[in-house]
Q: 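Quick one: structure below, then a few questions.
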Amino acid sequence: VQLQASGGGLVQAGGSLKLSCAASGRTFRSYNMGWFRQAPGKEREFVAAITWSGGSTHYADSVKGRFTISRDNAKNTMYLQMNSLKPEDTAVYYCAADTVYSLTSTRYNYWGQGTQVTVSS
């Protein structure tokens, strides 16, 4: 599966952005999906994950209550709605896919190219 992340940009603190991750291929519904982010000088960290059916989701504590992960299998697309953004959310956001459901980046074999999110104070 090939992934294409989009929707990043510059937003003021307290604002919102919605990221999308479009997948190629007819097997999108077979994959569990995740969002990860990497800030300059920091390691890539888990943000949110969703099972292939959308029936289960998990969030990092730092984004819980502010971010919502979702997917539309008919459109081969996953989303990350980000509200109440903070300057510390600034990072490159990556979407990932794998047949294994995990909160750990090393378990994902397929990655999008990343989209920059910058939150100004």
Side-chain angles (χ1 to χ4, degrees):
V1 62
Q2 293 184 320
L3 306 175
Q4 179 82 27
S6 63
L10 174 64
V11 64
Q12 289 188 331
S16 298
L17 280 175
K18 187 173 185 178
L19 305 184
S20 297
C21 178
S24 64
R26 295 175 292 177
T27 59
F28 176 73
R29 63 177 66 249
S30 300
Y31 291 92
N32 302 295
M33 304 288 294
W35 287 101
F36 294 82
R37 66 187 182 186
Q38 189 166 17
K42 295 187 177 182
E43 293 187 352
R44 190 170 298 190
E45 65 174 3
F46 168 74
V47 175
I50 188 167
T51 56
W52 67 271
S53 67
S56 183
T57 59
H58 288 82
Y59 296 92
D61 288 343
S62 59
V63 307
K64 203 170 293 184
R66 300 188 297 121
F67 291 10
T68 302
I69 189 172
S70 62
R71 65 190 296 164
D72 185 338
N73 286 344
K75 295 183 178 180
N76 282 10
T77 304
M78 174 181 65
Y79 306 98
L80 185 68
Q81 177 67 48
M82 305 186 295
N83 298 328
S84 302
L85 283 161
K86 304 175 181 180
E88 51 263 44
D89 294 319
T90 295
V92 177
Y93 283 70
Y94 298 89
C95 57
D98 205 273
T99 55
V100 175
Y101 185 69
S102 177
L103 310 187
T104 305
S105 62
T106 54
R107 298 301 301 272
Y108 285 85
N109 283 305
Y110 303 98
W111 290 85
Q113 85 290 359
T115 185
Q116 176 71 47
V117 172
T118 303
V119 184
S120 62
S121 57

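The structure displayed is predicted, hence computed values, not measured ones.
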Q: Which side-chain N or O atoms in residues 103-112 pair as donor and acceptor under 3.5 Å with protein atoms at least two apart or in another chain?
A:
| from | atom 1 | to | atom 2 | distance (Å) |
| --- | --- | --- | --- | --- |
| Y108 | OH | S102 | O | 2.6 |
| N109 | ND2 | D98 | OD2 | 2.8 |
| W111 | NE1 | Y108 | O | 3.1 |

Q: Within this structure, what is the CZ-OG1 distance for the pair F67 and T57, rounded to the nearest 0.5 Å?
A: 14.0 Å
Q: Let me confirm one number: the CD1-OH distance from I50 to Y59, rounded to the nearest 0.5 Å.
A: 7.0 Å
Q: For Y94 and L3: C-alpha separation, side-chain torsions, deciding distance, then whether side-chain contact (heavy atoms from CB on, under 4.5 Å) applies.
A: CA-CA 9 Å; Y94 298 89; L3 306 175; over 6 Å; no
Q: When you measure from the side chain of T115 to the backbone of A5, do you find a donor-acceptor pair of N or O atoms at a distance under 3.5 Å?
A: no
Q: Using the salt bridge (charged side-chain N to carboxylate O under 4.0 Å, His left out) criterion, which residues pair with K42? Sequence neighbours excluded.
A: none
Q: Please report the interatomic distance OG(S70) to CE(M33), rounded to the nearest 0.5 Å.
A: 11.0 Å
Q: Among all residues two or more places apart in sequence or in another chain, which pass the salt bridge (charged side-chain N to carboxylate O under 4.0 Å, His left out) test with R37?
A: E45, D89
Q: Considering all heavy atoms of both residues, which atom of M78 and which atom of G34 are nearest to each other, and what is their separation?
A: CE-O, 3.5 Å
Q: Measuring from atom CG of N76 to atom CD of Q4, what distance do you get when rounded to the nearest 0.5 angstrom?
A: 13.5 Å
Q: Check whether S24 reaches the backbone of Q2 with its side chain - one donor and one acceptor, N or O, closer than 3.5 Å.
A: yes
Q: Between the main-chain N or O of V119 and the side-chain N or O of T90, is there a donor-acceptor pair closer than 3.5 Å?
A: yes
Q: Kindly give the heavy-atom pair with the smallest separation between M82 and Y93, and that separation in Å.
A: SD-CE2, 3.9 Å
Q: Do any N or O atoms from the side chain of R71 and from the backbone of F28 form a donor-acceptor pair under 3.5 angstrom?
A: yes
Q: If I compare all heavy atoms of L10 with all of S120, which pair ends up nearest, and what's the gap?
A: CD1-CB, 4.4 Å
Q: In terms of the angle between their ring planes, are F46 and F36 parallel, tilted or perpendicular, with boundaries placed at 30° and 60°?
A: perpendicular
Q: Do N83 and S16 have side-chain N/O donor and acceptor atoms under 3.5 Å apart?
A: yes
Q: What's the spacing between K86 NZ and S121 OG if we round to 0.5 Å?
A: 14.0 Å
Q: Would Y31 and T99 count as a side-chain contact (heavy atoms from CB on, under 4.5 Å) here? Give the steps.
A: CA-CA 5 Å; Y31 291 92; T99 55; 4.0 Å; yes
Q: Compare every heavy atom of V1 with every heavy atom of A97, then report the nearest pair and how far apart it is.
A: CB-CG1, 4.2 Å
Q: Under 3.5 Å, side chain of R66 to main-chain N/O of S84, donor-acceptor pair present?
A: yes
Q: Taking all non-hydrogen atoms of both residues into account, name the closest pair between W52 and S30 and its distance.
A: CB-C, 4.1 Å
Q: Considering all heavy atoms of both residues, which atom of S20 and which atom of T77 are nearest to each other, and what is their separation?
A: CB-CG2, 4.2 Å
Q: Decide whether V117 and Y79 are clustered together by the hydrophobic rule: side chain heavy atoms of Ile, Leu, Val, Met, Phe, Trp, Tyr closer than 4.5 Å, transitively.
A: no
Q: Are V11 and V92 linked, directly or through intermediate hydrophobic residues, by side-chain heavy-atom contacts shorter than 4.5 Å (ILVMFWY only)?
A: no
Q: Hey, what do you get for CD (Q81) to CD1 (I69), rounding to the nearest 0.5 Å?
A: 12.5 Å
